[in-house]
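Since the model is a prediction, treat every value here as computed from it, not as a measurement. The figures that follow rest on heavy atoms only: side chains count, while hydrogens, waters and symmetry mates do not. First listed ligand is number 1; within each ligand, the first listed atom is number 1.
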Amino acid sequence: MKVSVIGGGTMGNGIAQVFAQHGHEVNLIDVKQEYLDRALGTIEKNLGRMVKKEKISQDDADATLKRLQPVIGLENAADSDLVIEAVFENYEVKKEIFTKLDEVCKPGAILASNTSSISLTRIAACTKRPESVIGMHFMNPVPIMKLVEIICGQATGDETLATVTQIAKDLHKVPVTVQDYPGFISNRVLLPMINEAAYCLMEGVADRDAIDTVMKLGMAHPMGPLTLADFIGLDVCLDIMNVLYEGFGDSKYRPCPLLRRMVDAGHLGRKSGKGFYDYE
Ligand SMILES: NC(=O)c1ccc[n+]([C@@H]2O[C@H](COP(=O)([O-])OP(=O)(O)OC[C@H]3O[C@@H](n4cnc5c(N)ncnc54)[C@H](O)[C@@H]3O)[C@@H](O)[C@H]2O)c1
């Protein structure tokens, strides 16, 4: 199967790697050569690490890299059977991409999005093939995390769902089908917990370390919610809470004022050097 991945960032390079490792020819499409070089560099490093740990052979790594074509321009997706979009989490950007993909891709090609929160029904409506549009929500880091949340928009066809479910299984992932409601399952359940942890901190229920320790040792979570929020990015957490709040119109999803204040201050977590924890 020919696959195109749009966007070679954090998620896109991982998705491209996994497909190439499983024998698919993959076009990795981005807007600038330097982004493609960086994506390929990341994939090469990841594969090198797997060779060192003896999880794959050097021949496997070389063959995987050979199956990856870094290219600029969406028209390169024209003969793909499956296209997975992994660009910025912004509806206008995705709208432009899906409109163009619908024009250039062959009839019957499946157009998937890796969006973490934008409505698949809305994305599908940008195309004349909403029955072939679906969400494939991979988790970060893609080569390691087993889950793929598969999101059906209002018009997604049964055949598209069946094909994509089988593809996920063939990649040795575990697909879970969910309907198109704000936050799907993953972020609808995870983000309110993180938001509530921020409320606990703001209200002085306990300090940062105590909150994380309760969830780590008491609930066997691998990391506490405030540590996890720093990993995800506090701006991303706030965006997703806003999607839930606006999507359901329910006050239980109101973003914590402390989360807002930290984002306003530029304290975004690991990526900015400071969030609930210090990284400098
Ligand atoms: N980062 C995560 O942990 C995570 C987890 C699950 C899902 N997601 C979702 O995956 C998607 C991508 O997130 P990311 O973190 O990889 O983003 P990122 O910012 O790391 O990468 C986005 C890439 O898209 C490229 N791009 C932008 N416009 C483009 C265009 N018109 N054509 C081709 N390439 C274009 C950018 O140059 C960049 O390389 C988002 O929808 C996000 O919500 C992210």
Side-chain angles (χ1 to χ4, degrees), residues 4-18 26-43 46 69-78 80 83-105 111-120 122-123 126 133-151 168 173 176 178 180 182-191 194 223 227-244 268-272:
S4 285
V5 178
I6 318 294
T10 309
M11 297 303 288
N13 72 58
I15 295 168
Q17 176 187 325
V18 167
V26 181
N27 291 317
L28 181 54
I29 301 176
D30 211 305
V31 288
K32 276 193 186 167
Q33 190 58 44
E34 62 178 289
Y35 300 155
L36 290 170
D37 292 344
R38 195 175 51 197
L40 260 285
T42 304
I43 294 171
N46 282 344
Q69 290 302 325
V71 281
I72 292 171
L74 295 180
E75 57 283 359
N76 289 291
S80 291
V83 182
I84 301 170
E85 167 276 316
V87 308
F88 309 125
E89 187 72 344
N90 175 302
Y91 172 69
E92 294 303 325
V93 177
K94 294 196 193 284
K95 180 179 173 184
E96 201 181 314
I97 288 175
F98 275 81
T99 305
K100 178 85 196 276
L101 285 175
D102 191 32
E103 281 166 26
V104 302
C105 291
L111 308 182
S113 174
N114 188 53
T115 180
S116 5
S117 64
I118 296 173
S119 158
L120 258 301
R122 249 182 120 196
I123 292 176
C126 307
V133 177
I134 196 162
M136 278 188 98
H137 185 201
F138 290 85
M139 304 289 132
N140 186 16
V142 182
I144 292 170
M145 299 294 276
K146 283 275 177 214
L147 179 72
V148 185
E149 203 177 23
I150 297 193
I151 303 113
K173 301 289 185 198
V176 172
V178 312
D180 187 23
F184 317 133
I185 293 291
S186 50
N187 285 325
R188 182 168 171 181
V189 175
L190 176 65
L191 265 296
I194 287 174
M223 62 176 90
T227 305
L228 181 56
D230 278 358
F231 257 108
I232 295 171
L234 302 195
D235 50 341
V236 177
C237 293
L238 180 59
D239 285 347
I240 296 172
M241 283 312 296
N242 278 322
V243 166
L244 295 173
L268 307 181
R270 276 187 176 262
K271 63 184 164 191
S272 73

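- Listed by chain and residue number, Leu268 satisfy the side-chain contact (heavy atoms from CB on, under 4.5 Å) test with Ser272 (two or more places apart in sequence, or in another chain).
- Among residues at least two apart or in separate chains, side-chain hydrogen bond (donor to acceptor under 3.5 Å, both in side chains) pairs with a member in residues 91-100 are Glu85-Lys94.
- A salt bridge does not link Lys271 to Asp230: none of the charged nitrogens lies less than 4.0 Å from a carboxylate oxygen.
- The side-chain heavy atoms of Val178 and Ile150, taken from C-beta on, include no pair separated by under 4.5 Å.
- A 4.5 Å side-chain heavy-atom check between Ile15 and Asn114 finds at least one atom pair inside the cut-off.
- The immediate protein surroundings of ligand 1, defined as residues with any heavy atom under 4.0 Å of it, consist of Ile6, Gly7, Gly8, Gly9, Thr10, Met11, Ile29, Asp30, Val31, Tyr35, Ala86, Val87, Phe88, Glu89, Lys94, Ile97, Asn114, Thr115, Ser116, His137, Phe138, Asn140.
- Partners of Val18 according to the side-chain contact (heavy atoms from CB on, under 4.5 Å) rule, which considers only residues two or more places apart in sequence or in another chain, are His22, Val142, Pro143, Leu171, Lys173.
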